[in-house]
Amino acid sequence: MHVTDAAEAPLRVALHELRGKLEIPDHFPPTAQAEAESAARAPRIPAANGAVATEHTLEDATDLPLFTLDPPGSLDLDQAMFLSRRPAPRGSKARGGYRVHYAIADAASFVTPGGALDAEAHQRVTTLYFPDERVPLHPYVLSEGAASLLPDRDRPAVLWQLDLDGDGALTGVSVRRALVRSRAKLDYPGVQRVLDDETAEEPLALLREIGRLREEREVARGAISLNVPEQEIVEQNGRYTLEYRAPLPAYAWNAQISLLTGMAAAELMLASGTGILRTLPSAPDGSVARLRLTARALGVDWPHHTSYAALIRTLDPRRATHAAFLQECTALLRGAGYTTFDGTPPAPSEALHAAVAAPYTHATAPLRRLVDRYSSELCLAASAGAAPPEWVRTALPALPREMELGTQRANQVERACVDLVEAALLRDRVGEIFEALVVEIQEKDPTHGTVHLYDPAVIGTVETTPEGPALPLGHRIPVRLTEAEPGHHAVRFTPA
């Protein structure tokens, strides 16, 4: 089901008004744009002792046949990889391992600390995604041009080398600046296709092999991986619809490479004594016990000897009761933030990301997220045994709050855009009855809750009258659409 012609114009107007309401910038200041264009022509690559290098003096790693893997049509390419096998040492009975070369776009070579472009990046914090346009962290001349790891073009990069043993455990890490050249721009559907039909060449086939090993290690350390049904705005021929997101396995295996790098980066920072971590506190006391009660109410089998992290990996979001339970599980993953340190690393409990079940940081998306530029510089210094640049240390104290506000705005934009497309999809169907699944009810008021429609892929609020019965969590019910107007009313339902 697509947005109708009658709703298309109101949706466009509502998206424009949303950007105004949230004070989303519609252009870069002239001084910032000029800095970006100058940097695109001549990057100023940071070198030791505050000096500046050029592409001609960088280590040449263009012989690595790197490839990028992103959604179709992406041009802001932050990462490129090359995967290979490592033979076992001669005479050893151990299995051979793997080597991951992971190139990250070198944003610091294009953004001068203290300049107008740097100031604008600190205002924007993240790239924002609207159905009809992107609002980038950096000007397109950089994010989709000179700084992007586009194929067949030499680019300065932060090059990670991550060595793994035969079980996928990390055994060695190094990171340095280098000149790289991607050979291929791949997308998830195409990669999944060649992996499934066994025609992928070894560097790409290893993505599945390494990804699965890293997933096994994730399970072993008790990490939490929620497979909650999510909505995705899909554009087709300039019109929009909503689908429930079902990521391909290739997406998850690619995410494991990024996760591996983020964990290695965190360990480098902790060992050096200066860093910024992405942290998530453990679930508060009693929350898991409350979830056990919810599981019992929904008929979800949760054996006493099975941990919460192990249970959720067995659930099928296509089953109504499982989908409702997974939605309730999201409450345990709230409270993520950033923790900085300079001189004394935080205590292990304060350095932990509870969902990752290890220290972790954001380090692999500097074209789209502000903090990653600083993470790269901290890891480069730590790997070289050098002190971090002063401009990085100076910025550290303010970064957690900046990232918090920027992330809140990005989440607000995402939710508001989905609300607008939902309303546009259903604008002409007020009064109709739909089949829905009750996935959440408010603890203080069980007459208010959330439902997932089966078709279209809409998630909306539902409420009964105060004297009405409590909503049946995890049950399918018919609901009547009562409100849907882009920019004015999010979709609302009542039990039919």
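With hydrogens and angles ignored, the 3.5 Å screen pairs no side-chain donor or acceptor of T112 with any backbone N or O of G115. In terms of modelled atom types and a separation under 3.5 Å, the side chain of T407 and the main chain of E404 share no donor-acceptor contact. Side chain of E422 to main chain of I459: a donor-acceptor pair is present (N/O by atom type, distance under 3.5 Å, no hydrogens or angles). A side-chain donor-acceptor contact under 3.5 Å links T314 to the backbone of L311. Side-chain atoms of S74 come within 3.5 Å of backbone atoms of P71 as a donor-acceptor pair (strictly under, hydrogens ignored).
Counting non-hydrogen atoms of other residues, nucleotides and ligands closer than 6.0 Å to OH of Y308 gives a total above 12. Heavy-atom contacts from other residues, nucleotides or ligands closer than 6.0 Å to CD of Q123 number 12 or fewer. At most 12 heavy atoms of other shown residues, nucleotides or ligands fall within 6.0 angstrom of atom CD in E23.
T279 and T339 share a donor-acceptor pair across their side chains, judged by distance under 3.5 Å alone. Side-chain atoms of E218 and Q256 form a donor-acceptor pair, as typed in the model, at a separation below 3.5 Å. Inspection of the D70 and Y188 side chains reveals no N or O donor paired with an N or O acceptor under 3.5 Å. Inspection of the Q33 and E37 side chains reveals an N or O donor paired with an N or O acceptor under 3.5 Å.
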Please tabulate, for side-chain N and O atoms in residues 348-357, each donor-acceptor pair with protein atoms closer than 3.5 Å (sequence neighbours left out).
residue	atom	partner	partner atom	Å
H353	ND1	A355	N	3.4
H353	ND1	V356	N	3.3

Less than 3.5 Å apart, which donor and acceptor atoms pair up between the side chains of residues 358-366 and the rest of the protein, not counting sequence neighbours?
residue	atom	partner	partner atom	Å
T361	OG1	I276	O	2.6
H362	ND1	Y338	OH	2.8
T364	OG1	S258	OG	2.8

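In summary, D372 and R369 engage in a salt bridge, as defined by a charged side-chain N under 4.0 Å from a carboxylate O. Here D167 does not pair with R217 in a salt bridge; the nearest charged N to carboxylate O distance is not below 4.0 Å. Electrostatic pairing of D197 and R193 does not count as a salt bridge here, judged by no charged N lying under 4.0 Å from a carboxylate O. Between R85 and E209, at least one side-chain N (NZ, or NE/NH1/NH2) sits under 4.0 Å from a carboxylate O, which counts as a salt bridge.
Annotation: cation-pi pair R19/F130 present, NZ/CZ under 6.0 Å from the ring centroid and within 45° of its normal.
Atom CZ of residue R208 and atom CD of residue Q192 lie 8.0 Å apart, to the nearest 0.5 angstrom. Put simply, CG on L159 and OG on S174 are 7.5 Å apart, with the number rounded to the nearest 0.5 Å. A distance of 7.0 Å separates SG in C329 from CG in L315, rounded to the nearest 0.5 Å.
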R124 vs E120, salt bridge (charged side-chain N to carboxylate O under 4.0 Å, His left out): CA-CA, chis, key distance, verdict: CA-CA 6 Å; R124 296 185 176 222; E120 184 66 13; 2.8 Å; yes
task: Step by step, work out the side chain to side chain contact (heavy atoms under 4.5 Å, CB included) result for R177 and E59.
output: CA-CA 7 Å; R177 278 195 157 87; E59 174 190 337; over 6 Å; no
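Closest non-hydrogen pair, S182 versus L150, comes out as CB-O, 4.0 Å. When all heavy atoms of A103 and L149 are compared, the pair lying nearest together is O-CD1, 3.5 Å. When every heavy atom of A105 is checked against every heavy atom of L77, the shortest pair comes out as CB-O, 4.3 Å. Across all their heavy atoms, F82 and S84 have their closest contact at CE2-CB, 4.0 Å. Nearest heavy-atom pair across W160 and A264 is CZ3-CB, 4.2 Å. Nearest approach of E328 to V439, heavy atoms of both residues: OE2-O, 3.7 Å.
Put simply, the residue from V158, L162, T261 that forms a side-chain contact (heavy atoms from CB on, under 4.5 Å) with V175 is V158. When each of L83, I210, D163 is tested with R99 by the rule side-chain contact (heavy atoms from CB on, under 4.5 Å), just one qualifies, namely D163. Checked options T126, D76, L137; the residue passing with R368 is D76 (criterion: side-chain contact (heavy atoms from CB on, under 4.5 Å)). A side-chain hydrogen bond (donor to acceptor under 3.5 Å, both in side chains) with R181 is found for one member of D63, D154, D60, D152 and no other, namely D154.
Side chains of Y98 and L206 form a contact here, defined as non-hydrogen atoms less than 4.5 Å apart. Between L22 and L18, the closest side-chain pair of non-hydrogen atoms falls below 4.5 Å. Within the 4.5 Å cutoff, no side-chain heavy atoms of L164 are placed close to those of T171. Between V392 and L378 there is a side-chain heavy-atom pair separated by less than 4.5 Å.
Note: Y374 and H122 meet the aromatic proximity criterion, with ring centroids under 6.0 Å apart.
Among residues two or more places apart in sequence or in another chain, the ring-ring contact (aromatic ring centres under 6.0 Å, His included) test is passed with H16 by none.
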